[in-house]
Trainee: 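Dropping the structure in here first, questions after.
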Amino acid sequence: AIFGDPPTRAPGLSGWPGSDERVRRMAAELWESGGVIRNAEPVDWLRRQDVPPDLTSDRLVNWTHRSIGDVEVYFVANGMPHTVNATCRFRVSGRQPWIWHPETGRSEPAAVWVDGGATTRMRLGLDASESVFVVFPPGPPNLDPIVRIAGPTSVWPSTDRGVQIRVLEALWGPEGDEARTKDVTAQVQRILDAGRHDFQVADLASEGDPAFGVVKTLRVRYTVDGATRVARATDPERIAFELPGDDEPAVEVLASADGRMTARVSRPGEYVLTTATGAHQRLHGSAKAEWPVGGPWQVAFEPGWGAPPTATFDELHSWTEDDDPGIQHFSGTATYRTEFQLGTGALEPSARLSLDLGRVEVMARVAVNGEDLGLLWVAPYVVDITDAAEVGENELVIEVTNLWPNRMIGDQHLPEDSDRNPNGTLKAWPEWLQDGEPSPTGRYTFTTWRLWHANDPLQPSGLLGPVRVVRTVLRDVGPMPSTAAR
């Protein structure tokens, strides 16, 4: 469908004034034929045609959709610094959804979803800043999906997912121009009450523009779950209202490529899983077990960047908080070593063990008992250690790499080693650099432009923790007897 109002005049002067009449006549024929729709917003018109939105979610997620041949591909991202457990509706039906993880290349069929005839409703858990592809290949589903999870602490689909956002004040206008600033508190509240947790600021002009043609800023104070927050954005931007993070679901159902399903249960109680064919499975859940991994930590610093060769950390802390200036300003890789103990119950056959590093600034590579478990570069810094862990003593090695600013800030406390302009740009290449020699003043870094200054704040660095081993229990979900077949 094409939407728009008919033109009333020709774009040029050729043949004027008769050209305007010809344009109006041609437009009338086209619009009266039904080829173009006027006086209607596309979204409202599609809703009247019973065409559902391409994707809706009860949590704020970013997304885009592309059709690649006969495959429907959605990219869904959590832009918030906390976990969200979203229920999403995709405008696809009759297909098996798959989850593709871009950071690892791993993919698996989705286990918890409902085919609604015109849409597919699916539970999608995303960690802080995590993104996935939700892929719908052609062909009927080959999995009997979980359509309901019921238990003492968790029900999906939930009938109560609402998080009430109350707008305290919303002002829209040019910065510092009170005369042309409009109170849009009621308008913003109506948008949020309709279930939209983000929108383009310029959309507010539908109820009047206080300063037409001028870039305006929307400033909103609001409360959610008792906490007061602030959001702001300008006309060309979208404004987003941050919601509180979601707790980990009590039951997470996982599916493998061959259709086998298992459930990770992290809270005590009885849970009932129901599939699309009416099959049921009762699961007994137990709480997660956790073991802290404490110090002392033996830390070895990469040589040549100002830190001592080794240090002992009785407790984890940022390098910037250390008493040694060389550690405070260190940039590079430091290797943490310690041991932790595991009892026989930790490695029961149905258990999975994860190592949670807590906060890391900025990247970490983990090895347990000499087995490299890979690189962690985004939160959450969690890795599965089930196959590497052993009963008794376990060796833990974590290599942590931070960013360059701290070393460059530290160098700004040392004498200058090159001829510079007042703004920090280089006048000429120093001879010592061209000869491949170290800085004569003891600096460790060299840049053509001084990006950082001596008084700039240092960036938190290193393994900050807390570090812990977490055990969850996997329960076999299938095969389940189908009540529909009986």
Trainee: Please confirm whether the backbone N or O of Glu248 pairs with a side-chain atom of Arg267, one donor and one acceptor, at under 3.5 Å?
Mentor: yes
Trainee: Tell me if a side-chain donor or acceptor on His284 pairs with a main-chain N or O of Arg282 at a distance below 3.5 Å.
Mentor: no
Trainee: If you compare all heavy atoms of Ile165 against all heavy atoms of Gln189, which two are closest, and at what distance to 0.1 Å?
Mentor: O-NE2, 2.9 Å
Trainee: Does atom CZ of Arg238 have more than 12 heavy-atom neighbours from other groups under 6.0 Å away?
Mentor: yes
Trainee: Between Arg471 and Leu353, what is the shortest heavy-atom contact and its length?
Mentor: CB-CD2, 3.5 Å
Trainee: Is it the case that atom CG in Leu13 sees more than 12 heavy atoms from other parts of the structure closer than 6.0 Å?
Mentor: no
Trainee: For a quick test of reading the model, state the closest non-hydrogen atom pair linking His101 to Val132 and the distance between them.
Mentor: ND1-CG1, 4.0 Å
Trainee: Between Trp377 and Glu103, does a side-chain contact (heavy atoms from CB on, under 4.5 Å) hold up when you go through it step by step?
Mentor: CA-CA 10 Å; Trp377 55 279; Glu103 75 278 11; 4.0 Å; yes
Trainee: Only one of Val360, Asp356, Leu316, Thr338 forms a side-chain contact (heavy atoms from CB on, under 4.5 Å) with Val467, so which one is it?
Mentor: Leu316
Trainee: Has Asp144 got a side-chain atom pairing as donor or acceptor with Ala276's backbone, closer than 3.5 angstrom?
Mentor: yes
Trainee: Mind telling me whether Trp63 and Tyr74 have parallel, tilted or perpendicular rings, with 30° and 60° as the class edges?
Mentor: tilted
Trainee: Verify salt bridge (Lys or Arg N to Asp or Glu O under 4.0 Å) between Arg9 and Glu21, making sure each step is shown before the conclusion.
Mentor: CA-CA 7 Å; Arg9 67 175 103 183; Glu21 177 57 34; over 6 Å; no
Trainee: I would like to know whether Glu399 and Thr333 meet side-chain hydrogen bond (donor to acceptor under 3.5 Å, both in side chains); could you show each step before the answer?
Mentor: CA-CA 6 Å; Glu399 298 177 1; Thr333 300; over 6 Å; no
Trainee: Determine whether Val71 and Phe136 satisfy the following criterion, side-chain contact (heavy atoms from CB on, under 4.5 Å), listing intermediate values before the conclusion.
Mentor: CA-CA 6 Å; Val71 179; Phe136 294 86; 6.0 Å; no
Trainee: Only one of Val224, Val220, Ile191 forms a side-chain contact (heavy atoms from CB on, under 4.5 Å) with Phe241, so which one is it?
Mentor: Val220
Trainee: Looking only at heavy atoms, what is the nearest atom pair of Ser318 and Ser461, with distance?
Mentor: OG-N, 3.1 Å
Trainee: Under a plain distance cut-off of 3.5 Å, with no hydrogens placed, do Glu169 and Thr185 share a side-chain donor-acceptor pair?
Mentor: no
Trainee: Using a strict threshold of under 4.0 Å (side-chain N to carboxylate O), is an ion pair present between Glu175 and Arg232?
Mentor: yes
Trainee: Does Gln96 reach the main-chain N or O of Ala110 with its side chain, forming a donor-acceptor pair under 3.5 Å?
Mentor: yes
Trainee: Ignoring hydrogens, what is the shortest heavy-atom contact between Ala263 and Leu283? Give both atom names and the distance.
Mentor: CB-CD1, 3.5 Å
Trainee: May I ask you to check whether Asp384 and Ser354 show a side-chain donor-acceptor distance below 3.5 Å?
Mentor: no
Trainee: Any salt bridge between Glu29 and Arg24, counting N to O under 4.0 Å?
Mentor: no
Trainee: Taking it one step at a time, do Asp209 and Lys216 satisfy salt bridge (Lys or Arg N to Asp or Glu O under 4.0 Å)?
Mentor: CA-CA 10 Å; Asp209 191 329; Lys216 297 169 288 298; 3.1 Å; yes
Trainee: Got a sec: does the CH2 of Trp291 have more than 12 other heavy atoms crowding it under 6.0 Å?
Mentor: yes
Trainee: If we ignore angles and hydrogens, is there a donor and acceptor under 3.5 Å between the side chains of Thr87 and Trp156?
Mentor: yes
Trainee: With respect to Asp127, which candidate in Val378, Thr83, Val84 satisfies the side-chain contact (heavy atoms from CB on, under 4.5 Å) definition?
Mentor: Thr83
Trainee: If we ignore hydrogens and angles and just use 3.5 Å, is the side chain of Lys288 paired with the main-chain N or O of Val473 as donor and acceptor?
Mentor: no
Trainee: Ignoring hydrogens, what is the shortest heavy-atom contact between Arg95 and Pro141? Give both atom names and the distance.
Mentor: C-CG, 3.8 Å
Trainee: If we ignore hydrogens and angles and just use 3.5 Å, is the side chain of Gln187 paired with the main-chain N or O of Val184 as donor and acceptor?
Mentor: no
Trainee: Check the surroundings of atom CH2 in Trp404: do more than 12 heavy atoms from other residues, nucleotides or ligands lie under 6.0 Å from it?
Mentor: yes
Trainee: Say you draw a straight line from CE of Met122 to CZ of Phe90; how long is it, rounded to the nearest 0.5 Å?
Mentor: 4.0 Å
Trainee: Quick one: does Thr275's side chain have a donor or acceptor within less than 3.5 Å of a partner on Ala279's backbone?
Mentor: yes
Trainee: Does Ser107 reach the main-chain N or O of Trp100 with its side chain, forming a donor-acceptor pair under 3.5 Å?
Mentor: no
Trainee: Can any side-chain N or O of Asn402 pair as donor or acceptor with the backbone N or O of Val362 at less than 3.5 Å?
Mentor: no
Trainee: So do Leu204 and Val188 actually touch side chain to side chain, heavy atoms under 4.5 Å?
Mentor: yes
Trainee: Is there a donor-acceptor pair closer than 3.5 Å between any side-chain N or O of Thr119 and the backbone N or O of Gly116?
Mentor: no
